[in-house]
Amino acid sequence: MITLPDGSKRNFSGPVTGFEIAADIGPGLAKAALAYKIDGSLTDLAAQVIKNASIEIITLKSDDDTVYDLLRHDAAHVMAEAVQELYPDTQITFGPAIENGFYYDFVRDEPFNPDDLKKIEARMKEIVERNETITRDVWERDKAIEFFEKSGEKYKAEHIQTLESNVEISVYRQGNWLDLCTGPHLPSTGKLGTAFKLMKVSGAYWRGDARNQQLQRIYGTAWRNKKELDFYITQLEEAEKRDHRRLGREMGLFHIQEEAVGSVFWHEKGWTLYRVCEEYMRNRLTKAGYFEVKTPQLVDRGLWEKSGHWEKFRENMFTINDDDDRVLAVKPMNCPCHVQIYKQGTTSYRDLPLRMAEFGSCHRYEPSGALHGLMRVRAFTQDDAHIFCTEDQIVTETKAFCDLLSSIYNDFGFKDVKVKFADRPEVRAGDDATWDRAERALIDATDAAGLDYTHNPGEGAFYGPKLEFVLRDTIGRDWQCGTLQVDFVLPERLDASYIGEDGNKHRPVMLHRAILGSFERFLGILIEHYAGRFPMWLAPVQIAIATITNDADLYAEKVANEFTKAGLRIVTDLRNVKINYKVREHSLDHIPVILVVGRRESDENTVALRRLGSKNQEVLALDDALSQLIEEAKRPDNK
RNA sequence: GCCGCCGUAGCUCAGGGGUAGAGCGCACCAUUGGUAAUGGCGAGGUCGGAGGUUCGAUUCCUCCCGGCGGCACCA
């Protein structure tokens, strides 16, 4: 007895395959069937159902994820078959479906180049054309190992050996090619269709470990039809247009050059954006009870040895040998310096919590391959702060921090924020009892703050567990920005204390926390989030005042003066070019508002207001435009 | 750091063993115009750097630097 998704039932006298069920329902379905689900688990069409079950036939029209996984996994196999046909000296390893596509990792002495990709893609299409039947066999473990050893597939053989002994060894065959694989797969290579494209070659380590051999990975994308493929390609092109490195150049925000790899040259407009964010943050922090400090860039290695950084973070630190044979490190973090400020004088329990903030300029030696525009730099500024408090205060401080953080993300236009709880890593400072306490405290605080969170095991900082705050941008990408870390270790190592109610010395707890993370990275995210079209309060230039003819110059200057006096950031465009040209230029510059003034406006004391992205304009009295735009341009913390 | 690709004008890119070309931008001239490109004219390049092969290298080879895409890394 088989139950279909619509609730209807069909009887079969004995075991049947998915294909037979589909055929029983109708020839069209039999032709379209790709795989089927038995009681929800995806299976090859050729597999049999032997008991009563509810089943669902999967076709190209079924639920997206399942179909894509099938197509993409098959695409990986077809690609591997093509590669081994073209380059017989190649070994296969793994080739899964991934988001938007697939990849396969190969072992081959010669590198694959872009020309090879074209050839492979063409061969893949031939294999689809051949419509090879895909069949599944179950092999004995030893036989499988022997087979792969003999055919020179060392990695496959090695992989089987690492599998648990009770794991079924299944092999999928298509034409003359076969692969060790758990499946499921399409019934034949023809079902893959041709809506796929090979995208790029890269290196990848065997089992993801940099100590292992590096394999050659070929990435591809695969879709249900050409239309979807084209849409995806177009999307990639659109994403490229909002790339912050491109917008940074086009909008004159910043640049990076080879004499200062990993460091940013902020141009006037970019620096304006930066300052707006910094002033906004400073104001929010002050209102939230923080005070601001500034600590040295170069600090003797002795302090880093005490803090544990010299041991745990040495390879990421820039160091300098001064003339007196001292070794100084350019600070990669601000925490040890903050403890030094904390330790000046004596602290009473009455002083706690102390919320010490710094827009701390840090340098870290990041691996060259990791550098990426503003997103990953070697010189950056954190919106860093350390809250020195008692253990009892962790909960309220955490809650207050979470509230502050969501309010700030909201102001920047990020509504979707997720929280991850990261607990003790393998390499850590402090004993297990301390970690138990720290993790307990942070979980309690998180619960008290009413946050939903997911677990991120083993990803805590070396000195304590942390909350990671992940925001999602307009095009659905996730960015980890904020963090809150509970630290019982550093106060101990650097001997920070306070005098308690009982008159004795106690250790404070340190909460390390950041909201934006680094200004550089956060601005990169903002640029891409808004695709350069910033809301008024962030826009480096808020208003362009453009004249129609020189008759309006005097009036335009008067308008400009009014807006400048009101603190708005404007440009005045009196050039002798057509208004169309001016509108185009300022629109391409992503200036949110263009005020056009001509003879008419000059006579009537008005402005013609046009917003970025709109073709309409609105004529307003100058005073009205002024008060309206002043209101719109207010920083959210001043509203 | 590793693998692959790339480096030609400010930007985007073409070219290719005989010292370079387009579009946009920029400068200048004309044009004073009503909401996303007015027309003309001109300047601008040690072809990433250093070696090598060659009569001759921007072009071919080697090394270095940097960029891009992945991988690894990301307190």
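Every chain is numbered from 1 and lettered A, B, ... according to where its sequence line falls, protein lines coming before strand lines. Keep in mind it's a predicted model, so treat the numbers as computed, not measured.
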Could you tell me whether the side chains of [X] and [Y] share a donor-acceptor contact shorter than 3.5 Å?
| X | Y | answer |
| --- | --- | --- |
| H455(A) | D423(A) | yes |
| Y219(A) | R217(A) | yes |
| H255(A) | Q257(A) | yes |

Shortest non-hydrogen contact between V377(A) and G262(A), atoms and distance: CB-O, 3.1 Å

Q216(A) versus P111(A), closest heavy-atom pair with distance: OE1-CA, 3.3 Å

How far does the [atom1] atom of [N] sit from the matching atom of [M], given to the nearest Å?
| N | M | atom1 | answer |
| --- | --- | --- | --- |
| C29(B) | U46(B) | P | 27 Å |
| G49(B) | A20(B) | P | 16 Å |
| U59(B) | G17(B) | C1' | 6 Å |
| G18(B) | G23(B) | P | 24 Å |
| G44(B) | A14(B) | P | 25 Å |
| C68(B) | C11(B) | P | 14 Å |
| G45(B) | A22(B) | C1' | 14 Å |

Contact check, side chains of K331(A) and M317(A), non-hydrogen atoms, under 4.5 Å: no

Any H372(A) side-chain N or O less than 4.0 Å from OP1/OP2 of G70(B): no

C71(B) phosphate, OP1 or OP2, under 4.0 Å from Y219(A) side-chain N/O: yes

Among E528(A), R245(A), E520(A), the one residue meeting side chain to side chain contact (heavy atoms under 4.5 Å, CB included) with M375(A): E528(A)

Among I218(A), L215(A), V201(A), the one residue meeting side chain to side chain contact (heavy atoms under 4.5 Å, CB included) with F106(A): I218(A)

Test side chain to side chain contact (heavy atoms under 4.5 Å, CB included) applied to L229(A) and F196(A), step by step: CA-CA 7 Å; L229(A) 174 65; F196(A) 59 79; 6.0 Å; no

For atom CZ of R376(A) and atom C1' of G1(B), their distance in whole Å: 12 Å

Identify the nucleotide, in any strand shown, that forms a Watson-Crick or G-U wobble pair with [N], with both distances under 3.5 Å; if there is none, say none.
| N | result |
| --- | --- |
| C60(B) | G52(B) |
| C28(B) | G40(B) |
| G7(B) | C65(B) |
| G17(B) | none |
| A22(B) | U12(B) |
| G34(B) | none |
| A72(B) | none |

Could you check whether [X] gets within reach of a base, just the sugar-phosphate, or nothing at all, counting any heavy atom under 4.0 Å?
| X | result |
| --- | --- |
| F313(A) | base |
| K200(A) | sugar-phosphate |
| V261(A) | sugar-phosphate |
| Q382(A) | base |

Distance-only donor-acceptor test (3.5 Å): side chain R245(A), base C68(B): no

N/O donor-acceptor pair, side chain Y205(A) with base G1(B), under 3.5 angstrom: yes

Nucleotides 4-15 of chain B: which of its N/O atoms have a protein N/O under 3.5 Å away?
| residue | atom | partner | partner atom | Å |
| --- | --- | --- | --- | --- |
| U12(B) | OP1 | R249(A) | NH2 | 3.3 |

Taking only N/O atoms, report every protein-nucleotides 34-37 of chain B pair under 3.5 Å with atom names and distance.
| residue | atom | partner | partner atom | Å |
| --- | --- | --- | --- | --- |
| G34(B) | O6 | R599(A) | N | 3.3 |
| G34(B) | O6 | R600(A) | N | 3.0 |
| G34(B) | N1 | E601(A) | OE1 | 2.8 |
| G34(B) | N1 | E601(A) | OE2 | 3.3 |
| G34(B) | N2 | E601(A) | OE1 | 3.1 |
| G34(B) | N2 | E601(A) | OE2 | 2.3 |
| U35(B) | O3' | R610(A) | NH1 | 3.4 |
| U35(B) | O2' | R610(A) | NH1 | 2.3 |
| U35(B) | N3 | Q617(A) | OE1 | 3.1 |
| U35(B) | O4 | Q617(A) | OE1 | 3.1 |
| A36(B) | OP2 | R610(A) | NH1 | 3.3 |
| A36(B) | O4' | R584(A) | N | 3.4 |
| A36(B) | N7 | R610(A) | NH2 | 3.0 |
| A37(B) | N7 | R584(A) | NH1 | 3.4 |
| A37(B) | N7 | R584(A) | NH2 | 3.4 |
| A37(B) | N6 | R584(A) | NH2 | 2.7 |
| A37(B) | N1 | R584(A) | NH2 | 3.1 |

Step-by-step ring-ring contact (aromatic ring centres under 6.0 Å, His included) determination, W223(A) to Y232(A): CA-CA 9 Å; W223(A) 299 86; Y232(A) 175 67; 5.1 Å; yes

Residue list, ring-ring contact (aromatic ring centres under 6.0 Å, His included) with F401(A), at least two apart or on another chain: F469(A)

